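Lettering of chains follows the sequences in order, A, B, ..., and the numbering in each one begins at 1. Because the structure is a prediction, the values reported are computed rather than measured.
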Protein chains: 2
Amino acid sequence: MDRSVSDPGTGTPGEAPAERRRDAAATRRRLLDAARDLFAERGYEGATVRGIAERAGVNQALLFRYFGSKQGLLAEAVAEDGLERVRATPPEELFETALRSMLTRDADGNGDRSLEVYLRSHSRGEENAGALRELGEKYQSVLASLSCAEDAALRADLAMAWLLGIGILRTVVAREPLASADPEAVCRLVLGSLDTLWHAPEK
Amino acid sequence: MDRSVSDPGTGTPGEAPAERRRDAAATRRRLLDAARDLFAERGYEGATVRGIAERAGVNQALLFRYFGSKQGLLAEAVAEDGLERVRATPPEELFETALRSMLTRDADGNGDRSLEVYLRSHSRGEENAGALRELGEKYQSVLASLSCAEDAALRADLAMAWLLGIGILRTVVAREPLASADPEAVCRLVLGSLDTLWHAPEK
DNA sequence: TAGCGTTGTAAGCACGTGCTTACAACTAGG
DNA sequence: CCTAGTTGTAAGCACGTGCTTACAACGCTA
């Protein structure tokens with residue numbers, strides 16, 4: 001994983017590690033970034049290895065050299081981006097953070113696309129379910145901690161379902177008025193209803 | 001399959017139109033049914049024309065004779081099943097009806113799969129978005145009539161998002177405990193939170 | 001500078017896909 | 001019975017896919 005590179009000699013010895021013409025670590029990164037974007041935009045099946053390699057500006061054979069398979073690439077991309085956010089966000093903020101990332105178009109290009117990747121990569125049977133399973137379970141356990149009801153896990157699933165559904169309607173169906181709605185307005189509506197979900201009596 | 005044949009000619013002349021050995025209308029039906037099921041189970045891209053024809057017990061060339069293309073088949077299947085339900089269900093019952101159909105495994109085989117088809121057929125760009133657009137808009141306009149807020153359409157989108165998200169988590173991710181949860185318990189939680197959604201103040 | 005492992009490249013393989021075509025088998029109308 | 005149109009069938013085409021392989025270009029080390 002760490003494939004770190006040392007200073008090639010004549011390059012500036014400072015922080016900027018002087019562009020190399022042949023840099024395995026750099027092409028790995030480019031592939032990872034391109035994969036994350038394309039998986040989010042077109043789904044796992046819709047994103048082709050040729051497309052990913054092209055967006056990364058890299059020969060497609062290198063994709064298989066560094067990640068073994070398309071699934072391997074997905075697994076590494078999800079593990080890197082998705083799990084990182086879940087780990088770094090306080091539980092009580094996770095839902096709203098994820099919701100906002102779903103609602104914010106990637107104007108500058110970088111938001112967290114991990115949930116979009118998640119929801120669009122479950123297509124083919126259970127082939128790559130393994131890679132996504134861990135991310136889903138992380139979300140579930142964190143969200144479940146927000147309700148003290150006995151069926152907290154079920155409520156967490158329902159919350160995540162809403163997250164994914166909103167993602168679908170926005171990014172793949174492009175449904176109006178949701179797609180262009182003010183994120184604040186959506187947050188207000190969703191978070192209000194979610195409060196009811198968390199605190200509803202057990203039976 | 002069973003393609004049993006009765007005697008043509010001497011058959012019962014009553015209402016039952018005596019099975020014919022070559023029956024265009026019947027094979028159209030079989031194709032339509034098989035398509036609805038497979039689109040729901042594997043998604044539009046995951047369902048192959050060969051798979052559909054096989055499940056229907058029909059030569060795949062006939063699929064193209066009767067429906068022109070895979071997209072034509074999808075359009076007709078969605079129009080027949082999905083639109084019919086929206087038209088036949090009272091507005092105030094539509095959400096719960098759809099939710100229950102999402103939560104009820106097709107033990108006997110026939111439930112309404114139109115929403116599953118909807119959520120799993122938006123994959124490739126906007127190719128077949130046309131066929132699905134009408135169904136989505138129908139749901140939206142009916143659900144929007146349940147709230148008298150100015151942003152009723154947005155709230156309808158959010159409600160439908162929840163529906164689709166629950167479908168994803170249940171049928172494609174197979175997430176526990178949601179997948180095996182008691183439909184009644186899920187309905188109670190979701191409908192309660194949805195009530196908050198419909199009646200939340202505008203700002 | 002010579003050698004050698006690492007990085008990048010081009011071409012292609014095997015397979016699955018949606019769809020077409022040429023033809024046989026059946027049915028209905030005369 | 002004969003003929004014409006309808007229904008069913010088998011084979012295949014063109015293309016896109018994930019993945020492999022054989023090879024060239026490069027850069028570090030000795």
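Ala185(A) meets the side-chain contact (heavy atoms from CB on, under 4.5 Å) test with Asp182(A), Arg188(A); sequence neighbours excluded. Partners of Glu134(B) by side-chain contact (heavy atoms from CB on, under 4.5 Å), not counting sequence neighbours, listed by chain and number: Leu83(B). In this view, Arg170(B) satisfies the salt bridge (Lys or Arg N to Asp or Glu O under 4.0 Å) rule with no residue, not counting sequence neighbours.
Atom P of nucleotide dC15(C) and atom NZ of Lys70(A) are separated by 19 Å, given to the nearest angstrom. Summarising the geometry, the separation between CZ on Arg30(B) and P on dT7(D) is reported as 16 Å, rounded to the nearest angstrom. Distance, Glu54(B) CD to dA10(D) C1': 16 Å, rounded to whole Å. Atom CG of Leu31(B) is separated from atom P of dT7(D) by 13 Å (rounded to the nearest Å). Across the protein-nucleic acid pair, Asp23(A) atom CG and dC28(D) atom C1' stand 14 Å apart, rounded to whole Å. Following rounding to the nearest Å, Phe67(A) (CZ) and dT7(C) (P) show an atom-to-atom distance of 13 Å. Glu45(B) places its CD atom 11 Å from the P atom of dT17(D), with the value rounded to the nearest Å. Rounded to whole Å, the distance from CG on Asn59(A) to P on dG8(C) is 9 Å.
Among pairs with a residue in residues 164-194 of chain A, none fulfils ring-ring contact (aromatic ring centres under 6.0 Å, His included), at least two apart in sequence or across chains.
Counting any heavy atom pair closer than 4.0 Å across all strands shown, Tyr66(B) reaches sugar-phosphate atoms only and no base atom. Note on Ala47(B): only backbone sugar-phosphate atoms sit closer than 4.0 angstrom, heavy atoms only; bases stay farther off.
Nearest nucleotide to the side chain of Ala24(B), out of dG8(D), dC19(D), dT7(D): dT7(D). Here dG18(D) is the nucleotide among dT21(D), dG18(D), dT9(D) with the atom lying nearest to any side-chain atom of Phe64(A). When distances are taken from the side chain of Thr48(B) to each of dG18(C), dA10(C), dC19(D), the shortest belongs to dG18(C). With distances taken from any side-chain atom of Arg65(B) to the nucleotides dG18(C), dG8(C), dG8(D), the minimum falls on dG8(D).
A donor and an acceptor atom never sit less than 3.5 Å apart when one is taken from the side chain of Arg50(B) and the other from the base of dG16(C).
OP1 or OP2 of dG8(D) lies within a sub-4.0 Å distance of a side-chain N or O belonging to Thr27(B).
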Protein N or O to nucleotides 1-5 of chain C N or O, pairs below 3.5 Å:
none

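For Gln60(B) and Leu63(A), each mapped to the nucleotide of DNA chain D holding its nearest heavy atom, the one lying further toward the 5' end belongs to Gln60(B).
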Residues 90-99 of chain A, side-chain donor-acceptor partners within the protein, below 3.5 Å, at least two apart:
from: Glu96(A); atom 1: OE2; to: Arg100(A); atom 2: NE; distance (Å): 3.1
from: Glu96(A); atom 1: OE2; to: Arg100(A); atom 2: NH2; distance (Å): 2.8
from: Thr97(A); atom 1: OG1; to: Glu93(A); atom 2: O; distance (Å): 2.8

Table please: side-chain donor-acceptor pairs of residues 146-157 of chain B below 3.5 Å, with sequence neighbours left out.
from: Ser147(B); atom 1: OG; to: Ala149(B); atom 2: N; distance (Å): 3.2
from: Ser147(B); atom 1: OG; to: Trp198(B); atom 2: O; distance (Å): 3.2
from: Asp151(B); atom 1: OD1; to: Arg155(B); atom 2: NE; distance (Å): 2.8
from: Asp151(B); atom 1: OD1; to: Arg155(B); atom 2: NH2; distance (Å): 3.3
from: Arg155(B); atom 1: NH1; to: Leu197(B); atom 2: O; distance (Å): 2.9
from: Arg155(B); atom 1: NH1; to: Trp198(B); atom 2: O; distance (Å): 3.2
from: Arg155(B); atom 1: NH1; to: Ala200(B); atom 2: O; distance (Å): 2.8
from: Arg155(B); atom 1: NH2; to: Ala200(B); atom 2: O; distance (Å): 3.0
from: Asp157(B); atom 1: OD1; to: Arg175(A); atom 2: NE; distance (Å): 3.3
from: Asp157(B); atom 1: OD1; to: Gln140(B); atom 2: NE2; distance (Å): 2.8
from: Asp157(B); atom 1: OD2; to: Leu178(A); atom 2: N; distance (Å): 3.1
from: Asp157(B); atom 1: OD2; to: Gln140(B); atom 2: NE2; distance (Å): 3.4

Would you mind writing out the side-chain donor-acceptor pairs for residues 53-64 of chain A within the sub-3.5 Å range, not counting sequence neighbours?
from: Arg55(A); atom 1: NH1; to: Glu41(A); atom 2: OE2; distance (Å): 3.3
from: Arg55(A); atom 1: NH2; to: Glu41(A); atom 2: OE1; distance (Å): 3.4
from: Asn59(A); atom 1: OD1; to: Ala61(A); atom 2: N; distance (Å): 2.8

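A donor-acceptor pair under 3.5 Å links the side-chain atoms of Lys70(B) to the main chain of Ala47(B), judged by distance alone.
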CA sep, side-chain torsions, deciding dist, call: Val78(A), Leu74(A), side chain to side chain contact (heavy atoms under 4.5 Å, CB included): CA-CA 6 Å; Val78(A) 166; Leu74(A) 171 72; 3.9 Å; yes

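Listed here is the closest heavy atom pair of Tyr118(A) and Leu132(A): CE1-O, 3.3 Å.
With the end axes of the helix from dT1(C)-dA30(D) to dG30(C)-dC1(D) each set by five pairs, the angle from one to the other reads 10° at 10° resolution.
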